[in-house]
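What follows is a short report on a single structure.
Please read all numbers here as calculations on a predicted model, not as lab measurements.
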Amino acid sequence: MNKLFLGLALAGLAAAPLSARWRLLPETMPVMVAKSAMKVVPGPGWNSWSFRPGKKNELWSYDGPVLNQIEFVGGVADGEALAKERNKKDKPLPKFSSKMLPTDIAQIYEQTQRIVTQSPDFVIDSMEPVSFAGYPGVKFTFRFTKPDEELTRKGEARGAIVGGKLFLIAYSAPALHYFDAHLAKAQAVMESAKIN
């Protein structure tokens, strides 16, 4: 099993740009994420990756992005996608609308991830209203597999529309061991979110 995870970790690092770097985050000091108005308190052990999947995104990890990651989406405006377009002609990403309901956040995230991760089986398992950064938002759980892996990944996300812009934090990891190992730490990051 350890060889499988080591292989996945090496494959994930090989896919990242060589110039991408990691930086250990301060435990107790609030930090701005995704170049946006959202701040969170990292807590111990999280590292920020200089590689960004989009202009308004940021990735953190505890053990490496293949084993666990937190993705921040900060301040996506009307008509913008949640990630960088990779194949706009054949597989365009869905666009955010400020008129969406909180429940629509889960749907646009699912549609985006199906394209970005190339996962045909991305599923939202649960959804409920929640206060996110002091605003009415949504909490949802999900699971998916990537086409080149046999591992099922699980995730939890929270988000809200604030001032007509979308803010979201999503944690994901392999269901086997890694998801539960750092879920509480990821939830603490989500609960610390503030949007100015």
Side-chain angles (χ1 to χ4, degrees), residues 25 30-43 46 48-49 51-62 65 68-86 92-117 119 121-144 153-173 175 179-180 182-196:
L25 293 157
V31 296
M32 185 172 57
V33 290
K35 297 182 180 179
S36 72
M38 181 164 50
K39 288 185 178 181
V40 297
V41 177
W46 291 106
S48 174
W49 200 10
F51 169 73
R52 296 182 186 274
K55 289 181 181 177
K56 297 185 177 182
N57 303 73
E58 183 172 333
L59 294 176
W60 290 7
S61 184
Y62 205 91
N68 47 51
Q69 71 176 26
I70 297 179
E71 180 179 6
F72 299 90
V73 178
V76 173
D78 262 321
E80 294 181 338
L82 275 61
K84 182 180 178 181
E85 291 276 6
R86 287 175 173 75
L93 294 175
K95 304 298 186 278
F96 168 71
S97 167
S98 60
K99 295 180 177 154
M100 288 180 166
L101 299 172
T103 52
D104 296 328
I105 294 171
Q107 292 173 350
I108 191 172
Y109 184 78
E110 175 188 355
Q111 293 165 357
T112 299
Q113 291 303 312
R114 279 181 177 270
I115 295 170
V116 171
T117 65
S119 173
D121 64 351
F122 194 101
V123 176
I124 302 291
D125 287 318
S126 68
M127 191 183 324
E128 63 183 276
V130 71
S131 176
F132 177 72
Y135 297 89
V138 66
K139 170 185 169 182
F140 57 97
T141 60
F142 55 89
R143 63 188 151 83
F144 66 101
R153 294 177 178 273
K154 288 174 62 177
E156 180 179 312
R158 301 180 195 187
I161 298 169
V162 180
K165 295 182 178 180
L166 175 62
F167 294 85
L168 180 132
I169 303 174
Y171 167 70
S172 64
F179 179 77
D180 290 331
H182 300 299
L183 177 60
K185 295 180 186 80
Q187 289 171 330
V189 171
M190 294 178 195
E191 288 162 8
S192 75
K194 300 212 177 314
I195 300 168
N196 297 328

Quiz item: Heavy atoms, side chains only, cut-off 4.5 Å: are Val73 and Tyr109 in contact?
Solution: no
Quiz item: Taking only residues two or more places apart in sequence, or in another chain, which ones meet Val123 in a side-chain contact (heavy atoms from CB on, under 4.5 Å)?
Solution: Asp125, Arg143
Self-check item: Minimum heavy-atom distance between Ser48 and Trp60, given as atom pair plus value
Solution: CA-CD1, 3.7 Å
Quiz prompt | For Ser61, side-chain hydrogen bond (donor to acceptor under 3.5 Å, both in side chains) partners two or more places apart | solution = Asn68
Quiz item: Are the side chains of Ile105 and Phe132 in touch, meaning some heavy atoms are under 4.5 Å apart?
Solution: no
Quiz item: Can you list the residues that meet the side-chain hydrogen bond (donor to acceptor under 3.5 Å, both in side chains) rule with Ser36, with sequence neighbours excluded?
Solution: none
Quiz item: If you look only at pairs with a residue in residues 158-173, which of them pass as a salt bridge (charged side-chain N to carboxylate O under 4.0 Å, His left out), with sequence neighbours excluded?
Solution: Glu156-Arg158, Arg158-Glu191
Exercise. Please name all residues satisfying side-chain hydrogen bond (donor to acceptor under 3.5 Å, both in side chains) with Gln69, sequence neighbours left out, ordered by chain then number.
Key: none
Exercise. May I ask you to check whether over 12 heavy atoms, not counting those of Lys185, lie within 6.0 Å of atom NZ?
Key: yes
Practice problem: Sequence neighbours left out, what passes ring-ring contact (aromatic ring centres under 6.0 Å, His included) with Phe179? Give chain and number order. | Solution: Tyr171
Quiz item: Any side-chain heavy atom of Met38 sitting closer than 4.5 Å to one from Ile169?
Solution: yes
Practice problem: Among residues two or more places apart or on two chains, list those pairs meeting salt bridge (charged side-chain N to carboxylate O under 4.0 Å, His left out) that have a residue in residues 103-114. | Solution: Glu110-Arg114
Self-check item: Those residues that, when tested against Glu58, pass salt bridge (Lys or Arg N to Asp or Glu O under 4.0 Å) (two or more places apart)
Solution: Arg52
Practice problem: Find out whether Phe144 and Gln113 are in side-chain contact, i.e. whether some heavy atom of one side chain is under 4.5 Å from a heavy atom of the other. | Solution: no
Quiz item: Shortest non-hydrogen contact from Val33 to Val40?
Solution: CG1-CG2, 3.9 Å
Quiz item: How long is the gap from CH2 on Trp46 to CD1 on Ile70, to the nearest 0.5 Å?
Solution: 3.5 Å
Quiz item: Could you give the distance from CZ (Phe122) to CD1 (Ile115), rounded to the nearest 0.5 Å?
Solution: 12.0 Å
Quiz item: Which residues pass the ring-ring contact (aromatic ring centres under 6.0 Å, His included) test with Phe96, sequence neighbours left out?
Solution: none
Practice problem: Please tell me if the side chains of Pro102 and Ile161 come closer than 4.5 Å, counting only heavy atoms from C-beta onward. | Solution: no
Exercise. Could you tell me which non-hydrogen atom of Phe167 sits nearest to which non-hydrogen atom of Ala37, and how far apart they are?
Key: CE2-N, 4.3 Å
Practice problem: Could you name each residue pair satisfying side chain to side chain donor-acceptor pair (under 3.5 Å) that touches residues 128-140, not counting sequence neighbours? | Solution: none
Quiz item: Does some side-chain heavy atom of Glu71 sit less than 4.5 Å from a side-chain heavy atom of Pro53?
Solution: yes
Would you tabulate the side-chain donor-acceptor contacts of residues 74-85 under 3.5 Å, counting partners in other chains and residues two or more places apart, or write 'none'?
unit_1: Asp78; atom_1: OD1; unit_2: Ser98; atom_2: N; d: 2.7
unit_1: Asp78; atom_1: OD1; unit_2: Ser98; atom_2: OG; d: 3.4
unit_1: Asp78; atom_1: OD2; unit_2: Ser98; atom_2: OG; d: 2.8
unit_1: Glu80; atom_1: OE1; unit_2: Lys56; atom_2: NZ; d: 2.9
unit_1: Glu80; atom_1: OE1; unit_2: Ala77; atom_2: N; d: 2.8
unit_1: Glu80; atom_1: OE2; unit_2: Lys56; atom_2: NZ; d: 3.3
unit_1: Glu85; atom_1: OE1; unit_2: Leu93; atom_2: N; d: 3.1
unit_1: Glu85; atom_1: OE2; unit_2: Leu93; atom_2: N; d: 3.3
unit_1: Glu85; atom_1: OE2; unit_2: Lys95; atom_2: NZ; d: 2.7

Quiz item: Nearest heavy-atom pair of Thr112 and Pro94: which atoms, and what distance?
Solution: OG1-CG, 3.5 Å
Quiz item: Can you name the side-chain hydrogen bond (donor to acceptor under 3.5 Å, both in side chains) partners of Thr141, sequence neighbours left out?
Solution: Ser126
